[in-house]
Amino acid sequence: MNERDARSAAGACARCVDGDDGCVGGARGVGGGVQTGRMADDRADAYWRTRTGAPRSRGVLAPAAGDPAIGAAGSPIGMTRHAPAPALAALVRHYWIPRWTLPPGRSVTQRVLEYPSANLVVEGGEAAVWGPSPGLGSRTLTGSGWAFGVLLQPGVAPLLLGLPARALVGAERGVPLADVPGADDALPRVAAATAAGDEAGAVAAFEHWFGGLGLTPDDDALTVRRLVERAEHDRGLTRVAQLAESEGLGIRRLERLVREQLGLTPRWLIRRYRLQEAAERLAGEGSPPLAELAAELGYADQAHFTREFRTVIGETPGGYARAARTAR
C-alpha cells in the first residue's frame, strides 16, 4: 500500500502524531490519534494526567459525509491507544492500535494532519518506520485489518535507524526494521499478540525489545521535544520568534535543531498545530465564526486562514464545517 495515499501502513490511519498522534492500519493517519484505550492498570491515566490535552487527538480529520467515524459506537473502524511504561516515556509518546472490518466493496479514506514525529508500525508481516507527511496524509481502508503503531518521541527515529530525520519526511516508503537488533524475533510476537486481540501483551512484547536497545535521546532531542509540546499546547504561540524565546534560543539555532531532529521547520510546527486546532474546532458542536477563529489562532485575517486551510486540507473551512456537521 502506498502511504501517500495512505502511507500505507504507516500512520494516517498518520501523526499522532492527537493533540497526539498517526494512520489506520498503517502507520500514520489514524495512528496519531483517535480514541484513548485503557490498560488493565492505571498507568495510562497517570500518564495522560501529566500531559495537557494529550487524551485528545486533533490529527484525524472529520469523516466525509456517509463515512463512519473512528471509534464511534457501531463503527466498523476502531482505535485504542495505550501509554508507555514510565521507563520508555522518553522514547515513546503512545501506542495506537486500529482495527477495521468493512463490507465487500466498501472503502473508507481517512485523512490526517500528521504529528511531527515518526511512527513505527507493525502490520501483517511487515514492520517499518514512517516519517510524517508535510501535507495531508491519508489512508484508504478496505476489507479487514489491524496495525500496531508506536508514535515515537522527537529525535528517536534517527537514533533507531542511523538516518537523518529529513530522510523520513514525506517518504513514499517506510524504512524496514530488519537490520535493528532483535527486531526479527520481537516484532512477530507483537504482531501475533495484536492479531489475537491481546493489546497489553503486544505492548509488553514491544517494550521488552525496545527498552533493551539502549536508545538515549541527547539534549538536543529533549529540547526539541519541549519545543514540540509547547507549539502543540500554547495557543498564544503564533510566531517562530516566540518559540525560540521559550527555550532561550536564537532563531537560527532553533531552525537547525528542529531540522536535525524532525526534518521539518519551526514554522511548519506552528502551522500544523494551528490547523489541527482549527479542524477540531470546526468539526465540533457550535463551531465559532471563521473570523473569530482566525483571530484566535493568530492569522492576520480570515482570508489568510481560509487560504492556508484550503491549501493543506483541500476545502474551505466553511465547507469542512458543513461536511463535519452532516457526518455527525
Side-chain angles (χ1 to χ4, degrees), residues 1-14 16-17 21-35 37 60 68 70-71 75-82 92 94-110 112 114 118-133 137-152 157 160-161 168 171-210:
M1 273 179 258
N2 156 343
E3 165 79 318
R4 264 309 173 190
D5 190 33
R7 255 213 203 187
S8 156
C13 217
C16 265
V17 256
D21 1 50
C23 151
V24 166
R28 330 169 22 152
V30 176
V34 182
Q35 237 180 328
V60 179
I70 296 176
S75 174
I77 306 172
M79 170 76 73
T80 58
R81 289 192 300 164
H82 301 293
V92 173
H94 67 256
Y95 304 101
W96 50 271
I97 303 176
R99 300 180 190 275
W100 63 98
T101 301
L102 297 168
R106 179 73 192 277
S107 66
V108 174
T109 297
Q110 178 64 63
V112 180
E114 295 173 350
N119 281 277
L120 187 160
V121 181
V122 180
E123 184 177 10
E126 299 181 355
V129 172
W130 300 80
S133 170
S138 67
R139 170 83 191 263
T140 299
L141 303 176
T142 59
S144 298
W146 56 264
F148 179 91
V150 184
L151 181 58
L152 301 173
L160 176 67
L161 301 172
L168 299 173
E172 293 287 348
R173 301 179 66 84
V175 178
L177 293 170
D179 294 334
V180 178
D184 286 345
D185 179 52
L187 296 181
R189 293 201 301 273
V190 173
T194 306
D198 180 9
E199 297 186 3
V203 169
F206 178 84
E207 292 191 336
H208 179 75
W209 165 69
F210 202 60

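- Going from atom CD of Glu172 over to atom OG of Ser133 covers 9.0 Å, rounded to the nearest 0.5 Å.
- Rounding to the nearest 0.5 Å gives a distance of 4.0 Å between NE2 of His82 and CD1 of Ile97.
- Residues Ala147 and Thr194 approach most closely at O-CG2, 4.2 Å, considering heavy atoms.
- By the 4.5 Å heavy-atom criterion applied to side chains, Val108 and Leu102 are counted as neighbours.
- At a threshold of 4.5 Å between non-hydrogen side-chain atoms, the residues Arg99 and Thr80 do not count as touching.
- Summarising the local packing, CZ of Arg106 is surrounded by more than 12 heavy atoms from other residues, nucleotides or ligands at distances under 6.0 Å.
- Ala118 approaches Ala157 most closely through the heavy-atom pair CB-CB, 3.7 Å.
- Residue Arg81 holds its CZ atom at 9.0 Å from CG of Leu151, rounded to the nearest 0.5 Å.
- Residues satisfying the salt bridge (Lys or Arg N to Asp or Glu O under 4.0 Å) test with Asp185, not counting sequence neighbours, are Arg189.
- The heavy-atom pair separating Pro188 from Ala183 by the smallest distance is CD-O, 3.6 Å.
- Counting all heavy atoms, side chain and backbone alike, Trp96 lies closest to Val150 at NE1-N, 3.7 Å.
- Under the 3.5 Å distance criterion, the side-chain polar atoms of Glu114 are left unmatched by any main-chain donor or acceptor of Pro132.
- Annotation: side chain of Leu160 is in contact with side chain of Leu177 (closest heavy-atom distance under 4.5 Å).
- Going from atom CG of Leu152 over to atom CG of Leu161 covers 8.5 Å, rounded to the nearest 0.5 Å.
- The nearest pair of heavy atoms linking Gly124 to Ala191 is O-CB, 4.0 Å.
- For residues 171-206, every residue pair satisfying the ring pair (Phe, Tyr, Trp, His ring centres under 6.0 Å) rule, not counting sequence neighbours, is listed here: Tyr95-Phe206, Phe148-Phe206, Phe206-Trp209, Phe206-Phe210.
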For this session: Begin with the C-alpha distance, continue with both residues' side-chain angles, and end with the deciding distance and a verdict on side-chain contact (heavy atoms from CB on, under 4.5 Å) for Ile77 and Leu141.
Result: CA-CA 9 Å; Ile77 306 172; Leu141 303 176; 4.0 Å; yes
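- When all heavy atoms of Trp100 and Glu123 are compared, the closest pair comes out as CH2-OE2, 3.7 Å.
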